[in-house]
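All remarks here apply to the structure that follows.
Side chains are part of it too, since the values below use all heavy atoms of this structure and drop only hydrogens, waters and symmetry mates. This one's a predicted model, so the numbers in the text were calculated from it and none came from an experiment. Atoms within a ligand are numbered from 1 in the order they appear, just like the ligands themselves.
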Amino acid sequence: MIVNRPPMGWNTWNTFEANINEQLIIESADKMVETGLRDAGYEYIVIDDMWSLKERDKDGRLVPDPQKFPHGMKYVADYIHSKGLKFGIYSCAGYATCAGYPGSYEYEWLDAKTFAEWGVDFLKYDFCFHNFNVSADVLYKRMGIALANCGRDILFSACSWGSEHTRVWVKQTGAHMWRSTYDIKDSWASIKSLGQSQLEFQEYNAQGCFNDMDMLVVGMKGEGFVGLTGCSFEEYKFHFSLWSLLGSPLMIGCDIRNMDDETKTILMNKDVIEINQDIGARQPFIVNSRENKVRQNRGPDDSFFENTPLDCPVIAKFLDNGDIAIGVFNFSDGKQTVEVTLDALGLPKISGKTLKLTELWTGEEVNAVNRMLFLGNTFEHHSCKLYRARVVDEL
Ligand code: GLA
């Protein structure tokens, strides 16, 4: 199974935690279709932790909690499939899941077989309560090889939060995405700290196995399990734009049965999703010089980088059709003025080329002036712009 684009879907955890059941999954699957989310590319419906009983059955199999899932998981999977969607479930590399339900350690082959029989298409695999005598890479290899031999294509979503240098070994395990952050919360502080921490991991993100910046909080508005303060519309746009540009999987975490228009506008911006799903999956890079210098000069142990947060990076990514995606992200609490040169994007004067930019939230057009792009004069705090730039002849 090869995964060419960042996976997209919806996951129960951010909003519902323990409050999951068959009805919720069925209603959410219906909404995925009715609202247009499915047609916008969202595909997986993932049941996170707390779906099973606390004990395995006499044959060692995991048992869905009959109070929550009275018809079992095959029934849920069949319903999800009937809607043209795919079904994801959760387990853990440890003895127990993070919420204390049975983990898959030493049951990897039986669980992979069970998931395949149920019609599972996606497994999120957590890292709590694991055996410290077995290295992290081997714990993930154990499930990776079991899934690859279970007779069904199951996307393997490794969730060890980037710990134990996950990025170095995760592609060995057969994982198709790996959590490169700790858990997200529905607040600006969380988006900022996760976002800033990811810029140095871009060389690890590629087709086959994507950096997973954790599930989206867009539209949570302070409600639900990880709902804290909530975020403004501008901050949710920033979050969605950054996750999209950096090629993270886009897994929705709000209650999709009750989305307002603002939330739909963000989650279904086709132009932004297109940047995320670009088949080239190329490595994004920082273009503006001060921010770039901060990154290039970081110390060997990353501490310099951590202590010197990026205020307002301009991040570019070459797209497969020759266009360039360019995002400006004002992480700071003040206004910023942002300008970049065409040279920094690989377009010196001698090329005879320039760029024509279209902002993907507002439609605003920007042209280069004296081979400079002025991407915001007194650019508001916590705001972002995401452009698609076309290469054209300089007149
Ligand atoms: C960990 C993961 C979360 C969620 C919970 C479930 O914290 O990082 O995404 O799956 O476990 O208990």
Side-chain angles (χ1 to χ4, degrees), residues 6-21 24-25 28 44-54 62 64-65 68-69 73 87-105 111 115 120-131 136 139-140 143 154-167 170 173 175-187 189-191 193-195 197-198 201 209-220 223-228 239 243 248-256:
M8 295 172 66
W10 172 79
N11 176 302
T12 54
W13 186 255
N14 278 2
T15 295
F16 297 100
E17 196 222 9
N19 302 315
I20 47 175
N21 55 51
L24 170 70
I25 301 305
S28 300
Y44 293 95
I45 297 256
V46 183
I47 302 177
D48 208 282
D49 204 350
M50 310 182 83
W51 57 266
S52 75
L53 287 179
K54 288 267 172 106
L62 291 166
D65 182 339
K68 295 176 178 170
F69 298 98
M73 286 304 180
F87 174 41
I89 208 161
Y90 164 101
S91 189
C92 184
Y95 300 100
T97 71
C98 296
Y101 290 74
S104 290
Y105 181 64
D111 289 354
F115 296 148
V120 167
D121 307 295
F122 177 113
L123 177 67
K124 174 172 170 181
Y125 204 52
D126 221 325
F127 196 47
C128 287
F129 304 110
H130 59 88
N131 182 344
L139 288 172
Y140 280 88
M143 185 49 102
I154 298 185
L155 191 155
F156 187 26
S157 165
C159 180
S160 54
W161 327 296
S163 62
E164 314 218 4
H165 307 289
T166 311
R167 60 186 185 271
V170 73
T173 70
H176 301 104
M177 56 194 259
W178 66 283
R179 263 284 288 287
S180 49
T181 63
Y182 287 105
D183 289 12
I184 197 167
K185 300 278 182 289
D186 182 21
S187 70
S190 177
I191 288 169
S193 86
L194 296 194
S197 75
Q198 294 302 292
F201 292 151
C209 186
F210 292 93
N211 294 10
D212 170 13
M213 295 167 65
D214 204 0
M215 299 161 297
L216 301 167
V217 293
V218 176
M220 288 188 66
E223 302 288 327
F225 183 61
V226 307
L228 286 184
H239 165 42
W243 267 233
S248 174
L250 299 176
M251 304 298 289
I252 299 170
C254 69
D255 182 354
I256 55 174

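Checking Asn211 against Trp178 by side-chain atom types alone, a donor-acceptor pair falls below 3.5 Å. Thr181 and Gln198 share no side-chain donor-acceptor pair at under 3.5 Å.
Taking the six-membered ring where the residue is Trp, Phe122 and Tyr44 present tilted rings, their angle falling between 30° and 60°. Using a 30° and 60° split on the angle between ring planes, Phe156 and Tyr125 fall in the tilted class, from 30° to 60°.
Panel note: side chain Ser248, backbone Trp243; no donor-acceptor pair is recorded below 3.5 Å.
Under the 2.5 Å SG-SG cutoff, Cys128 and Cys92 do not qualify as a close cysteine pair.
The immediate protein surroundings of ligand 1, defined as residues with any heavy atom under 4.0 Å of it, consist of Trp13, Asp48, Asp49, Tyr90, Cys98, Ala99, Lys124, Asp126, Cys159, Trp161, Arg179, Asp183, Met215.
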